[in-house]
There are 2 protein chains.
Amino acid sequence: MVRINRKLEYALMVLKYMSAKAPSELTTAKEVADFIKGPFDTIAKVMQQMVHSELLRSEQGVQGGYFLATNLNKLNLFKLNEVVSGPMELVKCFDEDHHCELSSHCNIQSPLVTLNRKLIDFFQELSISELLRIKSPLSAKSQSVKKEVAG
Amino acid sequence: MVRINRKLEYALMVLKYMSAKAPSELTTAKEVADFIKGPFDTIAKVMQQMVHSELLRSEQGVQGGYFLATNLNKLNLFKLNEVVSGPMELVKCFDEDHHCELSSHCNIQSPLVTLNRKLIDFFQELSISELLRIKSPLSAKSQSVKKEVAG
DNA sequence: GTTAAATACGACATATTTTGTCGTATTTTC
DNA sequence: GAAAATACGACAAAATATGTCGTATTTAAC
C-alpha cells in the first residue's frame with residue numbers, strides 16, 4: 001500500500017494552521033494539538049523536527065511557540081516528507097545499511113531505480129503552498145514570487 | 001515513508017520473469033521462487049491473486065503452472081498494485097469502514113483528495129511493459145501495438 | 001490406483017514499522 | 001519559585017506487512 005504517514009499529515013496540518021496567522025504570531029504545539037484533536041507529544045516532535053530543518057523557528061519558555069521560517073512557495077512535498085519521515089525510498093534495496101536480501105537475484109532493480117526517480121520528481125514538483133492553497137503572506141513579503149499560483 | 005510493498009515487487013518480478021518466455025510456456029511458482037531466491041508461499045499467493053484478476057491463467061496438476069493472460073502494454077502500475085495490495089489510498093481518511101478519527105477536525109482534507117488523485121494518475125500512466133522494458137511478444141501478437149516503446 | 005507435483009486458500013505466526021506515551025531537562029515569563 | 005512552553009531520548013503499543021503451516025484439490029506419470 002502506498003500511503004503517506006501521520007507525521008507528514010501532521011506537518012501539513014501544522015503548516016496549514018500556521019499559514020493562516022500573521023507571520024509574526026507564535027503558535028504552540030498544544031494549540032495545534034487542540035485544534036486538530038491530535039496527540040500533543042507526536043505533534044510537538046514533528047514541529048521540533050521542522051525546527052531542525054529550519055522550516056520553523058521556535059521560542060522557548062512561557063509565551064513561547066513556533067513561527068514559519070520558510071517560503072512555502074519554495075517548499076515541496078518531497079522536502080517536507082524528508083524532514084519529518086526521513087529519505088523517501090520506494091523500495092528497501094536503495095538504503096545503504098540493510099540492503100534488500102533479494103538484491104543479488106533481483107531482476108527488476110533498474111526499473112525500480114527509474115520508478116523511484118520518477119516518484120521523487122513527482123513529489124518535488126508539488127509545492128506546499130499550491131497543495132494547501134496558501135496565499136503565503138510570508139513569502140509574498142520576504143521573497144519575490146516568481147509565478148502566481150493558479151486555482 | 002512512501003514505499004511499495006513486497007507483494008508488488010514479487011508481482012513485477014513474476015511478470016518480468018514470465019515475459020522472457022514464449023507466451024505458451026508455463027511457469028511454476030517454485031521456478032520463480034528459486035530464481036529470485038524468495039519465499040515460495042508468498043510468491044505463489046501473489047500469482048494466485050493475479051489469476052483472480054485475470055492477469056495470469058493457471059493450469060493445475062503435475063506439469064501445471066501459470067501463463068500470461070494480459071497485454072502488458074495495457075497493464076499499468078496502479079492496476080497491478082490494486083490486484084496484489086488492494087486499493088491505493090494515500091491516507092486513511094479515504095477508506096469507507098474505519099475512517100480517520102481526525103477527519104472531523106482535519107484542515108487538509110481537500111488537499112489530500114487532490115494529492116491522492118494525482119498520485120493515482122501518476123501510477124496509472126506507468127505501463128508495466130514500459131516500466132519493465134518488455135518487448136511484449138504476447139501483445140504484439142494478440143493486439144495492435146499503438147506506439148513503440150522507446151528505450 | 002497410487003504417487004508426486006503442482007495450484008488453491010484460509011488461518012495463524014512473526015517481523016517490521018509506525019505511532020503514541022512517558023520521564024526528565026531546559027528555557028523563559030510572571 | 002511556579003508555570004508554561006520547547007527539547008529529546010527511551011520505551012510501549014498498535015498497526016501493518018510478511019511469511020509459514022496445514023490441508024484440499026487437480027492432473028500427469030508410473
Side-chain angles (χ1 to χ4, degrees), chain A residues 1-11 13-14 25-34 36-53 56-67 69 81 84-89 91-92 95 97-98 100-102, chain B residues 1-11 13-14 18 25-34 36-53 56-67 69 81 84-89 91-92 95 97-102:
Chain A
M1 211 172 332
V2 178
R3 181 167 276 194
I4 70 174
N5 63 23
R6 271 283 198 242
K7 285 199 207 170
L8 181 53
E9 282 183 47
Y10 291 145
M13 291 174 182
V14 163
E25 223 180 323
L26 293 182
T27 301
T28 68
K30 180 167 189 308
E31 192 182 334
V32 177
D34 286 349
I36 67 178
K37 308 280 193 258
F40 168 79
D41 289 291
T42 304
I43 292 166
K45 267 193 198 152
V46 167
M47 295 176 90
Q48 284 157 26
Q49 286 179 287
M50 292 166 87
V51 169
H52 287 154
S53 314
L56 305 181
R57 275 208 285 274
S58 69
E59 286 181 8
Q60 290 196 327
V62 179
Q63 309 283 11
Y66 301 87
F67 61 97
N81 179 70
V84 298
S85 312
M88 176 179 294
E89 281 153 343
V91 288
K92 232 195 275 187
D95 49 20
D97 329 311
H98 52 305
C100 171
E101 64 274 20
L102 297 178
Chain B
M1 213 172 333
V2 178
R3 182 165 276 192
I4 70 175
N5 63 24
R6 271 282 198 245
K7 285 200 208 170
L8 181 54
E9 282 182 47
Y10 291 145
M13 291 174 182
V14 163
M18 292 178 76
E25 222 180 323
L26 292 183
T27 300
T28 68
K30 180 168 189 310
E31 191 182 335
V32 177
D34 286 348
I36 66 178
K37 309 282 192 253
F40 167 79
D41 289 291
T42 305
I43 292 166
K45 267 193 200 153
V46 166
M47 293 176 90
Q48 282 157 28
Q49 286 179 287
M50 291 166 86
V51 170
H52 287 155
S53 314
L56 304 181
R57 276 208 286 274
S58 68
E59 286 180 8
Q60 291 196 327
V62 177
Q63 308 283 10
Y66 301 88
F67 60 98
N81 178 71
V84 297
S85 314
M88 175 178 297
E89 280 153 344
V91 288
K92 230 196 273 185
D95 48 21
D97 329 309
H98 52 306
H99 66 278
C100 171
E101 64 275 19
L102 297 178

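Labels below follow one simple rule: chain letters A, B, ... track the order of the sequence lines, proteins then strands, and each chain is numbered from 1.
- One atom, CG of A:Leu26, and another, P of D:dA4, lie 17 Å apart when rounded to the nearest Å.
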- Spell out protein contact along nucleotides 1-11 of chain C as letters: B when the base is contacted, S when just the sugar-phosphate is, - when no protein heavy atom is under 4.0 Å; keep the 5' to 3' order. ---BBSBBBBB

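- Considering CD of B:Glu9 and OG of B:Ser85, their distance stands at 10.0 Å, rounded to 0.5 Å.
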- Message: Please evaluate residues A:Asn81 and A:Ile4 with respect to the criterion side-chain contact (heavy atoms from CB on, under 4.5 Å), reporting the C-alpha separation (whole Å), side-chain torsions for both, the decisive distance (0.1 Å), and the verdict.
- Response: CA-CA 9 Å; A:Asn81 179 70; A:Ile4 70 174; 5.8 Å; no

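- Taking atom CD1 on B:Ile43 and atom C1' on D:dT20, their separation rounds to 13 Å, with Å as the unit.
- For A:Glu101 and D:dA17, the CD to C1' distance is 13 Å, given to the nearest whole Å.
- Here A:Tyr10 does not reach the OP1 or OP2 of C:dT18: none of its side-chain N or O atoms lies under 4.0 Å away.
- Counting to the nearest Å, the P atom of C:dT18 and the CD atom of A:Glu89 are 11 Å from each other.
- Remark: P of C:dA15 and CZ of B:Arg3 are 19 Å apart, rounded to the nearest angstrom.
- Rounded to whole Å, atom P of D:dA17 lies 13 Å from atom CD of B:Gln49.
- Contact between B:Tyr66 and B:Ala44 at its shortest, heavy atoms only, is OH-O, 4.1 Å.
- Between A:Met88 atom CE and C:dT18 atom P the separation is 12 Å, expressed in whole Å.
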- Item | Trace of the salt bridge (charged side-chain N to carboxylate O under 4.0 Å, His left out) decision for B:Asp41 with B:Lys45 | CA-CA 6 Å; B:Asp41 289 291; B:Lys45 267 193 200 153; over 6 Å; no

- Message: Before you tell me yes or no, could you show the steps for A:Leu102 and B:Met13 under side-chain contact (heavy atoms from CB on, under 4.5 Å), namely the whole-Å CA-CA distance, both residues' side-chain angles and the distance that decides it to 0.1 Å?
- Response: CA-CA 11 Å; A:Leu102 297 178; B:Met13 291 174 182; 4.1 Å; yes

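- The heavy-atom pair separating B:Leu56 from B:Met47 by the smallest distance is CD1-O, 4.0 Å.
- Look at NZ on A:Lys7: it is 19 Å from P on D:dA14, rounded to the nearest Å.
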